[in-house]
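Just so it is clear: chains get the letters A, B, ... in the order the sequence lines come, proteins before strands, and each one is counted from 1. Just so it is clear, the structure is predicted and the values come from calculations on it, not from any experiment.
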There are 2 protein chains.
Amino acid sequence: MCDSWRVRRYFHPDPKDIRLPAVLFALSDATRLGIVLALSDGREHTAGELGGDIAKSTMTHHLKILRESGLLWVRSEGTRCFNSLRTADLEQRYPGLLGHLLGSATRDGYGSAGDRGNGRPALPGRGPGEGPAGAEAGTD
Amino acid sequence: MCDSWRVRRYFHPDPKDIRLPAVLFALSDATRLGIVLALSDGREHTAGELGGDIAKSTMTHHLKILRESGLLWVRSEGTRCFNSLRTADLEQRYPGLLGHLLGSATRDGYGSAGDRGNGRPALPGRGPGEGPAGAEAGTD
DNA sequence: CCCAATGTTTGATAGTCGCGGTACATAGAT
DNA sequence: ATCTATGTACCGCGACTATCAAACATTGGG
């Protein structure tokens with residue numbers, strides 16, 4: 001009856017210790033970008049749900065990088081781990097950034113990790129792509 | 001007197017070929033983040049101006065990654081190369097993203113590559129950090 | 001011509017990353 | 001206890017990255 005509660009101990013950086021290069025590096029991989037995009041519905045997802053055709057150890061590796069960069073929170077329950085985006089902490093640290101990032105990723109079609117067809121980020125701050133500030137394309 | 005125009009040929013990706021993971025990877029390095037931040041004044045800077053105490057070849061390496069990711073444009077003139085941010089192209093591809101990125105980087109204090117003390121991004125779209133969309137901090 | 005200034009290219013090194021495979025640990029069910 | 005499901009830890013491999021030093025190329029000026 002599991003009285004000892006050997007819940008897995010995950011390291012999560014304090015919001016103050018979240019570093020922008022680490023966050024950007026975590027998102028600079030298409031696989032991880034897809035994972036974050038799949039998590040952008042605000043719900044919790046297990047590693048199994050997020051994992052497509054990649055090996056389990058690879059998924060653990062990616063989730064570790066995302067977690068240690070401060071992008072997601074992992075909650076252990078039984079044999080499963082529930083991953084969720086740290087939207088509030090990220091929003092506090094970098095207001096509006098995550099929303100723009102995920103919006104840009106969605107428009108680029110990186111939502112192919114586990115859940116596709118998700119069109120709305122459901123994140124604080126309205127979706128990006130509204131009102132481009134007159135991009136004058138004519139550099140050359 | 002230089003009638004032959006042997007201007008150096010740099011590769012610049014088409015705006016349509018700019019990929020978000022490549023952009024994020026380019027910005028996931030503190031040195032490159034500092035370079036981009038130094039360039040965020042909208043002016044052109046030579047590699048020599050941007051280079052702090054790092055080797056010239058290292059600077060060439062970083063500038064190449066930034067250029068090939070679509071973040072900056074390089075113009076050759078004489079023996080010097082003038083680097084500038086591709087703000088318009090980036091704004092067209094990912095509206096508002098670069099501004100938020102640089103704003104977050106500034107707040108984290110990554111403006112220490114060549115020009116420090118620059119407080120305003122001077123980029124299309126107002127500076128970030130103004131009007132956060134009600135970050136409800138209460139994850140835990 | 002030679003020399004200085006500015007970048008680029010090449011080589012070398014040490015470290016990291018992405019990936020999978022295997023073994024291991026934990027929780028739940030039989 | 002055994003089996004299954006779910007993840008993690010560890011190992012190795014190939015590829016990539018960051019860094020520098022040295023050699024090279026190009027331009028401009030004596």
Side-chain angles (χ1 to χ4, degrees), chain A residues 1-12 19 21-36 44-69 72-84 113-114, chain B residues 1-12 19 21-36 44-69 72-84 113-114:
Chain A
M1 29 158 60
C2 63
D3 210 42
S4 55
W5 267 52
R6 293 232 175 163
V7 189
R8 236 171 244 282
R9 219 71 173 186
Y10 295 103
F11 166 74
H12 294 92
R19 295 281 171 267
V23 171
L24 298 183
F25 176 78
L27 294 175
S28 70
D29 182 274
T31 302
R32 290 193 290 263
L33 202 52
I35 292 173
V36 170
E44 289 180 319
H45 294 264
T46 65
E49 293 173 350
L50 297 168
D53 47 352
I54 66 178
K56 290 191 301 178
S57 52
T58 304
M59 175 57 72
T60 298
H61 166 68
H62 284 312
L63 291 179
K64 180 181 179 183
I65 291 185
L66 288 169
R67 171 172 49 84
E68 293 184 343
S69 75
L72 55 87
W73 192 274
V74 188
R75 178 175 62 87
S76 170
E77 185 178 311
T79 71
R80 275 171 297 187
C81 60
F82 291 93
N83 305 271
S84 57
Chain B
M1 34 154 73
C2 64
D3 211 38
S4 53
W5 266 51
R6 294 243 177 152
V7 190
R8 236 173 243 282
R9 215 79 174 179
Y10 295 102
F11 166 74
H12 294 92
R19 295 280 172 267
V23 171
L24 298 184
F25 175 78
L27 294 175
S28 70
D29 183 276
T31 302
R32 290 193 290 264
L33 203 51
I35 292 173
V36 170
E44 288 180 320
H45 294 264
T46 66
E49 292 172 350
L50 297 168
D53 47 353
I54 68 178
K56 289 190 301 178
S57 52
T58 303
M59 175 57 73
T60 298
H61 166 66
H62 285 312
L63 291 178
K64 180 181 179 184
I65 289 185
L66 288 169
R67 170 173 49 83
E68 293 184 343
S69 76
L72 53 87
W73 191 275
V74 188
R75 180 175 61 87
S76 170
E77 185 177 308
T79 70
R80 276 170 297 187
C81 61
F82 292 93
N83 305 269
S84 56

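Between the CZ atom of B:F25 and the P atom of D:dA15 there is a distance of 17 Å, rounded to whole Å. In this structure, the CD1 atom of B:I54 is 17 Å from the P atom of D:dT17, given to the nearest Å. Rounded to whole Å, atom P of D:dA9 lies 14 Å from atom CD1 of A:I65. Rounded to an integer number of Å, the gap from CD of A:E77 to P of D:dG7 is 12 Å. Atom CG in B:L66 sits roughly 10 Å away from atom P in D:dA18 (whole-Å rounding). The interatomic distance linking A:E68 (CD) with D:dA9 (C1') rounds to 13 Å, in whole Å. The CG-P distance, from B:D29 to C:dT16, rounds to 14 Å in whole Å. Taking atom CG of A:D53 as the reference point, atom C1' of C:dG18 lies 14 Å away to the nearest angstrom.
Considering only residues two or more places apart in sequence or on other chains, B:R80 meets the salt bridge (charged side-chain N to carboxylate O under 4.0 Å, His left out) condition with none of them. Here B:V23 pairs with B:I18, B:L27, B:L71 under the side chain to side chain contact (heavy atoms under 4.5 Å, CB included) rule; sequence neighbours left out. Applying the side chain to side chain contact (heavy atoms under 4.5 Å, CB included) rule to A:S84 yields the partners A:E44, A:W73; only residues at least two apart in sequence or on another chain are considered. When the side chain to side chain donor-acceptor pair (under 3.5 Å) test is applied to B:E68, no partner is found at least two apart in sequence or on another chain. The salt bridge (charged side-chain N to carboxylate O under 4.0 Å, His left out) test applied to A:R19 returns no partner, not counting sequence neighbours.
Looking only at distances, no side-chain donor or acceptor of A:R32 sits under 3.5 Å from a matching main-chain atom of A:L63.
Residue contacts for B:R32: at a heavy-atom cut-off of 4.0 Å it reaches the sugar-phosphate backbone alone, with no base atom in range.
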I'd like a list of close polar pairs between nucleotides 4-10 of chain C and the protein, N/O only, cut-off under 3.5 Å.
{"from": "C:dT6", "atom 1": "O4'", "to": "B:T79", "atom 2": "OG1", "distance (Å)": "3.3"}
{"from": "C:dT6", "atom 1": "O3'", "to": "B:T79", "atom 2": "O", "distance (Å)": "3.4"}
{"from": "C:dG7", "atom 1": "OP2", "to": "B:G48", "atom 2": "N", "distance (Å)": "3.0"}
{"from": "C:dG7", "atom 1": "N7", "to": "B:K56", "atom 2": "NZ", "distance (Å)": "2.8"}
{"from": "C:dG7", "atom 1": "O6", "to": "B:K56", "atom 2": "NZ", "distance (Å)": "3.1"}
{"from": "C:dT8", "atom 1": "OP1", "to": "B:Y10", "atom 2": "OH", "distance (Å)": "2.8"}
{"from": "C:dT8", "atom 1": "OP2", "to": "B:T60", "atom 2": "OG1", "distance (Å)": "3.0"}

